[in-house]
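Let me begin by presenting the structure, written as structure tokens, before commenting on it.
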Amino acid sequence: MFEKIFNGDLPLKGTQVAGSWDSLYNFLVWLSVFFFLLVVGGMVIFAMKYRADRQGAKAKYITGSHLLEAVWIAVPTVLLLIIFAWGYNVYRTMTHAPADAYEVRVIGKQWLWTFLYENGRTTVNDLYVPMNRPVKLIMTSEDVLHSFFVPNFRVKQDVVPGMYTSVWFEPTMPGKHRIFCAEYCGTSHSGMIGQVIALEAAQWKAWSAGKEIGPVPQAGLELTAAEKAHSGAAGAVLTLAERGAKVFAAKGCAACHSIDGSARPGPTLKGVFGHEVEFGDGGRALVDENYLRESIERPQARVVKGFQPIMPTFQGLVSETELSALLAYIKSLK
Amino acid sequence: MTTTHHHAHHFASANDEFEAAKQGMWVFLVTEVLMFGGLFVAYGIFRGLYPDMFHEAHKFLAVNMGATNTLVLILSSITMVLAVTATQRGRRDRAVLFLVLTFLLAGCFLVVKYFEYAHKFHEGLLPGGYFVNQELKDPKAPLFFSLYFVMTGLHMVHVLVGMGLIAWLFRRTARGEFGPQYYTPVELVGFYWHFVDLVWIYLFPLLYLVG
Amino acid sequence: MHDYLTHTRGLRSWLTTLDHKRIGLMYLFTVLAFFLLGGVFALLIRLELFGPGRTIMDAATYNKIFTYHGAIMVFMVIIPAIPAAIGNFILPMMLGAKDVAFPRLNLASYYIFIAGALVASSALFLRGADTGWTFYTPYSIRTNTTATLVLAGAFIMGFSSILTGLNFIISIHKLRAPGLSWSRLPLFLWALYATSIIQVLATPVLAITLLLLVFERLFRIGIFDPAIGGDPVLFQHFFWFYSHPAVYIMILPAMGVISEVIPVFSRKPIFGYKAIAYSSFGIALVAFIVWGHHMFVSGQSELANFVFSLLTMFVAVPTGVKVFSWVATMYRGRIRFNAPMLYAFGFLQLFTIGGLTGVFLATLAINVHVTDTYFVVAHFHYVMVGGAIMALMAGLHYWFPKFWGRMYPEGPARVSFALLLAGFNLTFFPQFILGSQGMPRRYWDYLPEYTMLNRVSTAGSWFLAAGFVYAAVYLWRAMRAGEPAPANPWEANTLEWQTASPPPHDNFATAPVVTDWPYEYRDPLVPASASRSLP
């Protein structure tokens, strides 16, 4: 029961390393249960057995025992050394990438992940990788500390401005695996979420060649009906606004902008198009295509009143086609 | 006129009180060493990372002024020792004289420092983001001046505190509050002052004489 | 006959007092006021996390609230709570002294603490601070909140901590009563001694680090700023070089309290006196060489990780020695279930979990997945709240008769203990699971699958709050109108109990002389005065 409570819900094992990690973790859980029962059980039993109001209660004069002390110094020391060695061993596997690993460059910035591939493709927040092949990420940050964390792979590595850090994994489970930012990075820290999309060989080949691939399910799950429908199964043509919605999701816009009027660090986009907004400096403007374009490419130029100038520029990160789709989508948010 | 000093009621004797105060001062100086220690570690790390930059940048410091100040501080340590000895021997006039000399030497140190800083400001050799000097091309050079200003600045604050303490000693000595029976504050400020000098004796070669 | 409370009267007589007992109580009330404030912030955090997305506040506000909660609880509550508040009152009395070595310095460090706390708190009324209590660079350099004030405040409070530590070290060296040799020193004093050494050695490094960060914000010096060639990871090294030992500033005094309470209420000598005393030093020593275990994924070298992980394992050995010795002390005792003992039980339960999960975090591979998640949050709350605050409660009840000359009521004390223990486990145990599932810390918003456990945790926080509020109410009442307390209600041997409750201004009517170690508990009871040469 304890194991179930403690780790019945450990994240999926998305890599081989995740399996080794889980074994070590389970060992520590059981060892902890043992020592917890030893200490707290001993405490409870002594408290009950030797309570002051029992018949003829009388304490015995004992000041210590060198033998016992030697035991409870030696046994934990040995156990701790074993745990250390085991932990270091798994850690080495986690950190030493094979030489033939597929390399992707990663740039973290407030509050999105940008991935640069060998073939020149760039994606935001979605990291496409092949299954059953080691992938090595070479990461840096444009602004503050971030941390690249994929629970399903049990890997985490801080992303530091001014230097490169790296992490590697070999996905053994297809589908989307969540990426969290685990190092506090400011207002939308909790919105800096991406996904590793592990592809089967055929899909990976198609994606590498720059082709559209079908919808990919969450790791460990089947495609939901909504995902199938949303993707316009069997190559159905998407409307421009629907394509814009995909761009909106893929570029991480939702970290700061809601589409339903709820509060986030940036203004909501619900019903914003065609309305007048007031800026921090008192100026006003009608939200039209040109203002939205400016806000995406040069976000600090005119900031809506009541909001901080915290949005990064997306110049060069969205193509003209994507931008047109995005504007159509924002226009559709009534 | 010498007033006798009564030890505080929670100490068994005046000697206990003196010993406690002395130990306390030593512990305090240990904390000071650790505080400056942090800066020395930072210095060591950046010098290890950018040895050429340190070599290039140190040429922009005025070695003669630094050396003068080293000499001034060593002299002030000597006058401080003489002030302590004079107090212990009950020679109040000599004690006052040497305290004044120590104070003046510390002032002299500050005057030299003022000219040095003014020159650096003029040349745009300023810390980090404010660095505007054109001659020193190394892009990391601002770091050297950050360290220079923080380390010498913190040291200068200590000199100022020391001057305040010496002025206070001077007042109390003139009033005849210290003598062979009671000279704890004089001796402890002496410790502090030697520590301040010692820090400079490390700062000078590290900043001005980068090999 | 005047005691220290009635020795002189009026607010002024308190604010300018040099009496260590009054200074201790002023610390205590200040710390409790900040505990209330930090606790309110904690409740707001839990309330916001009741569900995903926005519950009661936006992300920017949330980030400020958790920063305030952390900074207040660490710098203004847990660090000063046991050493500066209880320690100030009890340490000279346990030594058999009339005061600490430097009474004026003691009052000065109280006011330095107040000054620092006010400077830091003033940020609340300006643009706040959203750096987290760890102030990691470069975010803490760039944020346009008033983080500078919080940094300056923590810098100033550091000096208070240094001066208190210095005062305690010299007091223990110089003011021990005749016959109170080192081998007869009560374990609470051993713990405070080890704590003071850490305060004196580690805090100056924090001071310089915070100062550099203030300069970083004011003058862009660039030491920690990669944009000018500085190194943001260097900040973490500096910060944890202090802040890891600081963790032991928080827990060692707590262990000291427990080492006093358990033998007294078991009517038995402490088991393994020497081992417990030395283990405090073992912990203090190792404290200085394990800071890197906070940085296993920060980008430091694999060699550093190897060394820090290995060294960290050795923290568990002296810690284990203490825990096993406490349990062994109870063996064949005559155990009384007064509130201090109940809190000691609570301490043992919670601290055991906190300690064991510490081994998880010290293990390199495990650390990679669970660091910076709720697992860490749960772990340090088990140690710092479960350990330090439970021990604070134990100490407050244990020495309550000595502070006020009045008894606290046992019945209500049991109720609040039950609420606190249940509330604590309910609040923080689910966070271990959340962390192992991968929920990162400092998250304003979370994925729907984490909702259930977050709700349980939030509900737990209400029990915890109820327990503290209830304790505040009955302790306040008992302080004003509780049953009068005898000089030594627990029949304890340490010197603070060998004088009136509350003690006279000078602590002892006649200077005490010590003839035995403090844990000479024989059953049936040998009256304390028989084993001590007291008038």
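Every chain is numbered from 1, with letters handed out A, B, ... down the list of sequences. Only heavy atoms go into these numbers, but all of them, side chains included; no hydrogens, no water, no symmetry mates. Remember, it's a predicted structure, so these values are computed and weren't measured experimentally.
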(request) Using a cut-off of under 4.5 Å on heavy-atom pairs, state which of B:Gly24, B:Pro127, B:Ala42, B:Gly37 scores highest against chain C. (result) B:Gly24

(request) Against chain C, label B:Phe46 side chain, backbone, both or neither, depending on which of its atoms sit under 4.5 Å from a heavy atom there. (result) side chain

(message) Heavy-atom pairs under 4.5 Å with chain C: which of B:Val30, B:Val150, B:Leu154 has the most?
(response) B:Val150

(message) Please classify the contact of B:Leu49 with chain C as side chain, backbone, both or neither, using a heavy-atom distance under 4.5 Å.
(response) neither

(message) Measuring only between side-chain heavy atoms, which start at C-beta, is C:Ile221 closer than 4.5 Å to B:Leu147?
(response) no

(message) For chain B, which candidate among C:Leu211, C:Leu201, C:Leu105, C:Leu163 shows the most heavy-atom pairs at distances under 4.5 Å?
(response) C:Leu201

(message) Under a 4.5 Å cutoff for heavy-atom pairs, which residue among C:Leu234, C:Ile162, C:Val200, C:Ile169 has the most contacts with chain B?
(response) C:Val200

(request) State, to 0.1 Å, how close B:Leu34 and C:Pro204 come at their nearest heavy-atom pair, and which atoms those are. (result) CB-CB, 3.9 Å

Would you mind writing out the side-chain donor-acceptor pairs for residues 196-207 of chain B within the sub-3.5 Å range, not counting sequence neighbours?
unit_1	atom_1	unit_2	atom_2	d
B:Asp197	OD2	B:Ser77	OG	2.3
B:Trp200	NE1	B:Thr70	OG1	3.1

(message) The criterion is side chain to side chain contact (heavy atoms under 4.5 Å, CB included); which residues satisfy it with B:Val33, sequence neighbours excluded?
(response) B:Phe195

(message) I'd like to verify something: which residue of B:Val41, B:Ile45, B:Leu39 has the highest number of heavy-atom pairs under 4.5 Å with chain C?
(response) B:Leu39

(message) If you count heavy atoms of other groups shown closer than 6.0 angstrom to CZ of B:Phe170, is the number above 12?
(response) no

(request) Give the minimum heavy-atom separation between B:Pro142 and C:Ile228, together with the two atoms involved. (result) CB-CG2, 4.2 Å

(request) With a 4.5 angstrom heavy-atom cut-off, could you sort out which part of B:Val27 is near chain C: side chain, backbone, both or neither? (result) both

(request) With sequence neighbours left out, write down each residue that passes ring-ring contact (aromatic ring centres under 6.0 Å, His included) with C:Phe215, or none if nothing qualifies. (result) C:Phe219

(request) Tell me, for C:Ala97 versus chain B, whether the close heavy atoms (under 4.5 Å) come from the side chain, the backbone, both or neither. (result) neither

At a 3.5 Å cut-off, give me the donor-acceptor pairs between chain B and chain C, one pair per line with the distance.
unit_1	atom_1	unit_2	atom_2	d
B:His9	NE2	C:Asp506	OD1	3.4
B:His10	NE2	C:Val100	O	2.9
B:His10	NE2	C:Ala101	O	2.9
B:Tyr50	OH	C:Gly229	O	2.9
B:Gly129	N	C:Arg220	O	2.7
B:Gly129	O	C:Arg220	NH2	3.4
B:Ser146	OG	C:Ile221	O	2.5

(message) Counting only non-hydrogen atoms closer than 4.5 Å, does C:Ile223 touch chain B with its backbone (N, CA, C, O), its side chain (CB onward), both, or neither?
(response) both

